[in-house]
Amino acid sequence: MIAKYKFNFLAASARAALVICAFVLMTRLSMSGQNAPAYADPQIKAALSEISAGQIQSDIEKLVSFQTRSTISAQDAASISKGQGIGAAREWIKSEFERYSRECSGCLEVKTDSFTQPVSERVAKPTVITNVYAVLKGTNPLDAKRIVLVTGHYDSRNSSNENVTDAAPGANDDASGTAVSVECARVLSKLKFPGTIVFLTVAGEEQGLYGSKHFAEYAKAQGWQIEAVLNNDIVGGDETPGQDPKVVRVFSESIPDSATESQLRMIRALGGENDSPSRELARYIAQAARIYETQVSPLLEFRRDRYLRGGDHISFNEAGFPAVRFTEFQENYAHQHQNVRAENGIEYGDLSKFVDFDYVANVARLNAAALASLAAAPEAPRNVRLETKALVNSSTLAWEAPADGRATGYEILLRATAAPDWEHSQSTGNVLKATIPVSKDNVIFAVQAVDEAGHRSAPIVPVPER
């Protein structure tokens, strides 16, 4: 009994200490400046309202109509003509991107990325895999090199990877993610952004992330400056008990897959395990959700993917790009990778009737909000540093102006070391150095660039400057 009361007393004391620290932190910040007001771009807000659950339903049902989209299913001319197999799905996606490009006077560059996948564990013979994508080129020459990308995989499967005879509708996994990418292209192609947006759909996911791996390696070899990858995989909001239609999980890696040994040592020394570029991307998505008041909220999951599982964003992580995964709150495994059937009163199969099209539309709005915010924003500040020359209880940050010249001010973000998301922001004005009356021991900092309208760049966590 004594031990119990002692434990409760210590726990209460710890909670009280945290409250006091938070109060002191907020008091100091309020003395030095207020949280910066959020800016919702009216053009982006209007575009989000154009995302249509009806259009998304039409896209998903069209993808399901191809009977199977298995990577190893038919893609010959006869099958494409009959509207069956992955080849027919590929040609339809390409035609949709081309249609949207015609509607915006050729604003989209529609392309394919094809390669032959050699024999592997899940590919019995050499197989052509084709990624389909559309590029909305940035209007500012200095910003156009900055790329943000949304993707979903258009291949599907049933209970057996080798079974290309039975139906593999793949309505949720992953016609839903494909529909998000295609719908974002339809809506955002009507606007112009300084930065570039790529709308991608990949194949070969179910066999081993082959399509995304090839595309990510190609982008790396070409020197693409990809600043964000939003991978949507199983975002159908399966309409079964336990689902939360107001939440979408956003997974992000902690330690960058591409980190060198010296970078790992620095991460350990600074306590930066929770501040990878992918994790900052996840926080940016959460910021966009708040600014644009999206109907679905991101639940930040601090692991690379679901437990011992993976998806296409990992291919981009491995290539050194910031990438996250969107997935519905609770998956129904009777509706994934299953032959369509009924057994013991349970319906199996990834059918359209289990998809919540309004939910998919809300996930698309969240994706579009993040994509548009990043593409509209100025380049992030460069060479962000945190001074450590002297032991003081204030923190001085310095940075260099981004090369695009669009920043008219900056914001310093900070949060307690144990906080999952940014808690405070402070405008600094158009300066390249600022001191915050808070000890660097107790918080994590980042700096964002802000343009004249109020668009915010991705946040950059500082490195120590001795």
Side-chain angles (χ1 to χ4, degrees), residues 51 56 60 149-153 170-181 183-184 205-206 209 212 228-255 257 273-290 292-317 321-337 350 354-371 373 419-422:
I51 288 176
I56 283 174
I60 290 174
L149 182 152
V150 59
T151 187
H153 72 87
N172 195 356
D173 184 14
D174 185 34
S176 65
T178 300
V180 166
S181 187
E183 181 68 354
C184 284
E205 194 271 354
E206 300 291 5
L209 314 182
S212 59
V229 174
L230 312 185
N231 174 37
N232 291 266
D233 195 350
I234 311 177
V235 291
D238 188 276
E239 292 188 315
T240 52
Q243 190 62 269
D244 188 339
K246 297 296 184 182
V247 171
V248 62
R249 292 179 291 173
V250 177
F251 293 87
S252 58
E253 69 174 1
S254 56
I255 308 299
D257 200 284
E273 296 86 353
N274 204 21
D275 284 279
S276 68
S278 294
R279 198 139 293 173
E280 301 309 347
L281 172 58
R283 293 187 178 103
Y284 191 96
I285 293 165
Q287 183 184 66
R290 291 189 293 269
Y292 290 97
E293 300 177 330
T294 56
Q295 295 299 304
V296 64
S297 298
L299 175 61
L300 303 187
E301 296 282 9
F302 289 167
R303 53 172 33 127
R304 188 168 70 165
D305 205 324
R306 300 145 305 157
Y307 201 72
L308 296 179
R309 299 164 74 191
D312 288 313
H313 60 299
I314 293 175
S315 297
F316 291 93
N317 286 153
F321 300 121
V324 299
R325 175 188 180 127
F326 291 75
T327 297
E328 64 190 17
F329 178 71
Q330 180 166 294
E331 299 171 67
N332 186 325
Y333 303 115
H335 300 160
Q336 292 179 23
H337 297 187
D350 192 352
F354 300 126
V355 173
D356 181 344
F357 302 110
D358 289 321
Y359 178 83
V360 184
N362 286 332
V363 173
R365 291 187 186 98
L366 177 56
N367 274 259
L371 291 166
S373 296
D421 201 357
W422 300 113

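In this chain, numbering begins with 1 at the start of the sequence shown. On a predicted model such as this, the values are computed, not experimentally measured, just so you know.
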Taking all non-hydrogen atoms of both residues into account, name the closest pair between [X] and [Y] and its distance.
{"X": "Ser276", "Y": "Ser254", "answer": "CB-O, 2.7 Å"}
{"X": "Ala334", "Y": "Asn332", "answer": "N-OD1, 3.0 Å"}
{"X": "Ile285", "Y": "Ala370", "answer": "CG1-CB, 4.0 Å"}
{"X": "Ile60", "Y": "Ala175", "answer": "CG1-O, 3.8 Å"}
{"X": "Gly236", "Y": "Val360", "answer": "CA-CG2, 3.6 Å"}
{"X": "Val235", "Y": "Phe326", "answer": "CG1-O, 3.3 Å"}

Taking atom types as modelled, find out whether [X] and [Y] have a side-chain donor-acceptor pair closer than 3.5 angstrom.
{"X": "His335", "Y": "Asp173", "value": "no"}
{"X": "Glu328", "Y": "Asn172", "value": "yes"}
{"X": "Ser252", "Y": "Arg279", "value": "yes"}
{"X": "Asp174", "Y": "Asn232", "value": "no"}
{"X": "Ser278", "Y": "Asn317", "value": "yes"}
{"X": "Glu253", "Y": "His313", "value": "no"}

Within the 4.5 Å heavy-atom criterion, are [X] and [Y] side-chain neighbours or not?
{"X": "Val180", "Y": "Thr178", "result": "no"}
{"X": "Ser181", "Y": "Val150", "result": "yes"}
{"X": "Val324", "Y": "Leu230", "result": "yes"}
{"X": "Leu366", "Y": "Pro298", "result": "yes"}

Using 4.0 Å as the upper bound for N to carboxylate O, is an ion pair formed by [Y] and [X]?
{"X": "Asp244", "Y": "Arg249", "result": "no"}
{"X": "Asp312", "Y": "Arg325", "result": "no"}
{"X": "Arg306", "Y": "Glu301", "result": "no"}
{"X": "Arg283", "Y": "Asp275", "result": "yes"}

Quick one: [atom1] on [X] to [atom2] on [Y], what's the gap to the nearest 0.5 Å?
{"X": "Ser315", "Y": "Glu205", "atom1": "OG", "atom2": "CD", "value": "9.0 Å"}
{"X": "Phe354", "Y": "Gln336", "atom1": "CZ", "atom2": "CD", "value": "12.5 Å"}
{"X": "Phe251", "Y": "Arg303", "atom1": "CZ", "atom2": "CZ", "value": "7.5 Å"}
{"X": "Ile51", "Y": "Cys184", "atom1": "CD1", "atom2": "SG", "value": "5.0 Å"}
{"X": "Tyr284", "Y": "Trp422", "atom1": "OH", "atom2": "CH2", "value": "14.0 Å"}
{"X": "Thr327", "Y": "Asp305", "atom1": "OG1", "atom2": "CG", "value": "6.5 Å"}

task: Could you tell me whether a side-chain N or O of Glu239 sits under 3.5 Å from a main-chain N or O of Asp356, the two making a donor and an acceptor?
output: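 Answer holds: no.
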For Pro241, does its backbone N or O pair with a side-chain atom of Gln330 as donor and acceptor, under 3.5 Å?
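Looks like yes, one N/O pair under 3.5 Å.
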Q) Can you check side chain to side chain contact (heavy atoms under 4.5 Å, CB included) on Arg365 and Gln295, steps first, answer last? A) CA-CA 8 Å; Arg365 291 187 186 98; Gln295 295 299 304; 5.6 Å; no
Fill in: Glu293, CD: over 12 other non-hydrogen atoms inside 6.0 angstrom
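Counting neighbours around CD of Glu293, 12 or fewer heavy atoms of other residues, nucleotides or ligands fall under 6.0 Å, so no.
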Handout entry: Check against side chain to side chain contact (heavy atoms under 4.5 Å, CB included), Glu331 and Asp238
Key = CA-CA 7 Å; Glu331 299 171 67; Asp238 188 276; over 6 Å; no
Q.
Please determine whether side chain to side chain contact (heavy atoms under 4.5 Å, CB included) holds for the pair Asp257 and Arg304, giving the CA-CA distance in whole Å, both sets of side-chain angles, and the decisive distance to 0.1 Å.
A. CA-CA 10 Å; Asp257 200 284; Arg304 188 168 70 165; 3.0 Å; yes
